[in-house]
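Down below is the structure, laid out as structure tokens.
Residues take their numbers from the sequence shown, with the count starting at 1.
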Amino acid sequence: MAYEFFLGIDVADEQADEPGTVSLALIEKSQENANEASIYRLDSMEAYDGETDPDDIADHVQGLLASSPYTARTGLFVNRESQRGQAVYDALEERGLPVRAVTLTDDRHAAPPTLEGDDESVARRETVRAIATAHRQGRVEIQHRETEAASSLARRLQHFGALAVDGEAPQTMEGSETEEGETLPTQFDAVTSSAALAVWFASQRSFDPTSHLKADPQTSGEVFSEESGPQA
């Protein structure tokens, strides 16, 4: 079995959550063989309040990634569109961790990721659609559901999964209405977006050691991963 790990970090919008709350989600991506869709297991999810020093968060992440089985097998992604996100990014970078900067946007079309050090831009809703669709397909396993963060994520993915559209049904920026008239929103809490960030980049990564991110990842309203087949 092939497996890799992806750690997503996002900071809550001050108007939508506690000021500066930082959420961390560590996802394991596994695949039995090349013909099967990948499974995403949430190994760890943590939240830090606005009083937590970015250096303390970086120290924790450094210790986590230095332990087995995460050493040298974990992609680290931080949304640094806020000042606090930038501070967490800087603290991780100062420790020599292989952190990659991300800008989550509200646009339907985001710029393709690059490997040259510039911020990788992706629509926030695209990342949530990726994890919600995988969850609906039974390909997301959430550990430690007794914790508040994991329990909250499970409830949200159950709801968002009903709103995510199939890969063959393109969605406009305004959303695709369900029978109840609901649409997938454009704003999400940091717990959801940190896990979604990790799964989105995991879906764009190949287990082929010669290939990293897809050359031309899809960032439109469609479900983009080759792992997400048509829904039943």
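If you take CD on Glu81 and CG on Asp10, they are separated by 7.0 Å, rounding to the nearest 0.5 Å. The distance from the CZ atom of Arg139 to the OG atom of Ser38 is 7.0 Å, given to the nearest 0.5 Å. Ser193 contributes atom OG, which lies 11.5 Å from atom CD1 of Ile9 (distance to the nearest 0.5 angstrom). Taking CZ of Arg129 as the start and CZ of Arg136 as the end, the distance is 10.5 Å to the nearest 0.5 Å. With rounding to the nearest 0.5 Å, the separation of CG in Leu104 from CG in Leu197 is 5.5 Å. One distance of note links OG1 of Thr71 with CZ of Phe5; it measures 10.0 Å at 0.5 Å rounding.
You'll find the side chain of Tyr40 stays beyond 4.5 Å of the side chain of Glu28, heavy atoms only. In this structure the side chain of Thr105 never reaches within 4.5 angstrom of the side chain of Arg125, judged on heavy atoms. For the pair Val88/Val22, a side-chain contact is recorded, criterion being any heavy-atom separation below 4.5 Å from C-beta on. Side-chain contact between Ser23 and Glu46: absent, with no pair of heavy atoms (C-beta onward) separated by less than 4.5 Å. Leu65 has its side chain within reach of Leu76: a pair of non-hydrogen atoms, C-beta onward, lies under 4.5 Å apart. Counting heavy atoms from C-beta outward, Val78 and Arg100 have side chains that stay 4.5 Å or more apart.
Both tests hold for Arg80 against Tyr89: distance to the six-membered ring centre under 6.0 Å, angle to the ring axis within 45°.
No donor-acceptor pair under 3.5 Å is formed between the side chain of Thr133 and the backbone N or O of Ala130. Of the possible donor and acceptor atoms, none in the side chain of Gln62 sits under 3.5 Å from a partner among the backbone N and O of Leu92. For the pair Ser151 (side chain) and Glu148 (backbone), a donor-acceptor distance under 3.5 Å is absent.
Tyr70 and Asp43 are linked by a side-chain donor-acceptor pair at a separation below 3.5 angstrom, with hydrogens and angles left out of the test.
Residues Glu141 and Arg41 are not paired through a salt bridge, judged by the lack of any N-O separation under 4.0 Å between the basic side chain and the carboxylate.
Aromatic pair Phe188/Phe160: centroids less than 6.0 angstrom apart. A centroid separation of less than 6.0 Å is found between the aromatic rings of Phe201 and Phe77.
Gln158 CD: 12 or fewer foreign heavy atoms inside a 6.0 Å radius.
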